[in-house]
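The figures that follow rest on heavy atoms only: side chains count, while hydrogens, waters and symmetry mates do not. For clarity, every value in this text was computed on a predicted model and none was experimentally measured. Numbering starts at 1 and runs along the sequence shown.
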Amino acid sequence: MGLTSYLWSAVPFVAMITVECTDVGLSVISKAALTRGMSNFVPVVYSNALGTLILLPYFIFFRKKEAPLSFSMLRMFFLLALIGSLGQMIYLTGVKFSSPTLSSAIMNLTPIFTFLLAIMFRMEKVDFRRSSSQAKVLGAVVSVTGALAVTLYKGPPVLAATSSSNFLHQFLLSKDSRWIIGGFLLLLTSLSSATWTIFQTAAVKAYPDEMTIVFFFTFFITVQAAVFALILERNPAAWRLKSSVEVIAIVSTAILGSLFRIAIHTWCLRKKGPVYVVMFKPLGIAIAVVMTVTFLGEILHLGSVVGSVIITVGFYAVMWGKTKEKNMGLQNENSTMASSGPKTPLLQSSEII
């Protein structure tokens, strides 16, 4: 019985590591397909269209019929999809210009940007007299500094696969401007993801069926991305999948990047809470280093190492501040309940007398 409970308690840990490996793996596959000529825009259309088809039976047969779909809710879903479609296209372009390692490092800024946006929209208060607020603000500043470092400073090579060629080495060193552009595009992706999180929170509160939200999210992205791709992608041949890597990238993004990832995240959030889930994000940097060096033969540069460490320190500072504030809130709630506990019998006894 004890062994069973121990193994069951380890399931969220294994699940979150699997999610991080999946995220980085999708980034590596996308990078491999992009280097072989895959368009930055067309895969967004195909992957979301496939995700919509997979979710269509749920929407028809299993969605919560008691939750009506109003025009205002559809408008909110459309806005969510607009943020998502732009974010996905910018993300693929950023990965194409840089690397999955840089992507994993900069995407750790999503909780930081969410925190800053929550302050701007007055969803979260900052009291500089408290150490928790000081840690969150300082962590946000440190993380943004690390993102600028990992984007603007590439540095000398630190680690490379033994099979990598001099051509790839020279290619990376000669594309510093593309690396910087890719870094700033990934920063925009992280910011759009944080914005999407803010709007998604409002959507989930207004509409109780999460999978219906995901269905309309993928459906509207398909329509929007198709319009964007028709405008931005001038090469008709880009709509034809030319290699198995492109097919794998699109199918895996639709299944693993949407359905699997959302299901695991939702389950872990319910079991362990949001702090536990986001604590695994920096692990993606180490996974990305191993995968990109091993499978893509890319070179790990000093700037990526230094910037990733700075981002991770700032990330955990913000998480520490949020955890401390949460614990302080629970302590205050418990103390309030404890202090109000003995008063009720006294009031009752006075009424009896």
Check whether any side-chain N or O of S85 sits under 3.5 Å from a backbone N or O of L82 as a donor-acceptor pair, and report yes or no.
-> yes
Going by atom types alone, do T222 and Y46 pair a side-chain donor with an acceptor below 3.5 Å?
-> no
Would you please classify the geometry between the F216 ring and the F219 ring as parallel, tilted or perpendicular, with 30° and 60° separating the classes?
-> perpendicular
Can you tell if the side chain of V158 reaches within under 4.5 Å of the side chain of H301, non-hydrogen atoms only?
-> no
Okay, side chain of S143, backbone of F315: is any donor-acceptor separation there less than 3.5 Å?
-> yes
Give, for atom CG of L80 and atom OG1 of T195, the distance between the pair rounded to the nearest 0.5 Å.
-> 11.0 Å
Minimal non-hydrogen separation, S98 against G94, with atom names = OG-O, 2.6 Å
Hey, are the side chains of M38 and P43 touching, using non-hydrogen atoms and a 4.5 Å cut-off?
-> yes
Between atom OG of S192 and atom CG of L187, what is the distance when rounded to the nearest 0.5 Å?
-> 11.0 Å
Please indicate whether F199 has more than 12 foreign heavy atoms, meaning atoms of other residues, nucleotides or ligands, lying under 6.0 Å from its CZ.
-> no
Sole candidate of W196, Y207, F77, F78 that passes ring pair (Phe, Tyr, Trp, His ring centres under 6.0 Å) when paired with F217 = W196
Honestly curious: do F41 and F220 fall in one hydrophobic cluster under the side-chain, below-4.5 Å linking rule?
-> yes
If you look at every heavy atom in A33 and A249, which pair is closest and at what distance?
-> CB-CB, 4.2 Å
Compute whether any side-chain donor of one residue and acceptor of the other, for K64 and T212, lie under 3.5 angstrom apart.
-> no
Minimum-distance pair of heavy atoms, taken over all atoms of A140 and L116 | CB-CD2, 4.2 Å
More than 12 foreign heavy atoms under 6.0 Å from CZ of F260: is that the case here?
-> yes
Heavy-atom nearest pair, K96 first then K31, reads O-NZ, 3.0 Å
Do S39 and W239 touch side chain to side chain, with heavy atoms closer than 4.5 Å?
-> no
With no hydrogens and no angle check, do the side chains of S190 and T110 hold a donor and an acceptor under 3.5 Å apart?
-> yes
State plainly whether one hydrophobic cluster holds both V306 and V141, where clusters connect Ile, Leu, Val, Met, Phe, Trp and Tyr through side-chain heavy atoms under 4.5 angstrom apart.
-> no
Nearest-0.5 Å distance, NZ of residue K136 to CD1 of residue I119 | 6.5 Å
Donor-acceptor side-chain pairing of N48 and T218 below 3.5 angstrom = no
Indicate, with yes or no, if I248 and V44 share a hydrophobic cluster defined by side-chain heavy-atom contacts under 4.5 Å among Ile, Leu, Val, Met, Phe, Trp and Tyr.
-> no
Within the side chain of S133, is there an N or O that forms a donor-acceptor pair under 3.5 Å with the backbone of R129?
-> no
Backbone of S304 reached by a side-chain donor or acceptor of Y153 within 3.5 Å | no
Does L74 reach the side chain of M76, with side-chain heavy atoms less than 4.5 Å apart?
-> no
So CH2 of W320 and OG of S132: to nearest 0.5 Å the spacing works out to 7.0 Å
Shortest non-hydrogen contact from A288 toward V24 | CA-CG1, 3.3 Å
Among the clusters formed by ILVMFWY side chains lying less than 4.5 Å apart, do L53 and V42 turn up in the same one?
-> no
Please examine the side chains of V95 and L185, heavy atoms only from C-beta on, and report whether any two atoms are closer than 4.5 Å.
-> no
Between S30 and L92, what is the shortest heavy-atom contact and its length?
-> CB-CD2, 4.0 Å
Report the C-alpha separation of L34 and R36 in whole Å, then their side-chain angles, then the decisive distance to 0.1 Å, and conclude whether the side-chain contact (heavy atoms from CB on, under 4.5 Å) test is met.
-> CA-CA 5 Å; L34 288 167; R36 285 168 172 78; over 6 Å; no
Please step through side-chain contact (heavy atoms from CB on, under 4.5 Å) for the pair I60 and L56, ending with a clear verdict.
-> CA-CA 6 Å; I60 296 175; L56 184 60; 3.8 Å; yes
Give a yes or no on whether V313 and M319 share a hydrophobic cluster (residues Ile, Leu, Val, Met, Phe, Trp, Tyr; joining criterion: side-chain heavy atoms under 4.5 Å apart).
-> no
Using a distance-only test with no angle check, is there a side-chain donor-acceptor pair under 3.5 angstrom linking D209 and Y58?
-> yes
Side-chain heavy atoms of L296 within contact of P100, under 4.5 Å | yes
Using a 4.5 Å cut-off on heavy atoms from C-beta on, say whether the side chain of L26 contacts that of S252.
-> yes
Would you mind reporting whether T189 and M107 have side-chain heavy atoms less than 4.5 Å apart?
-> yes
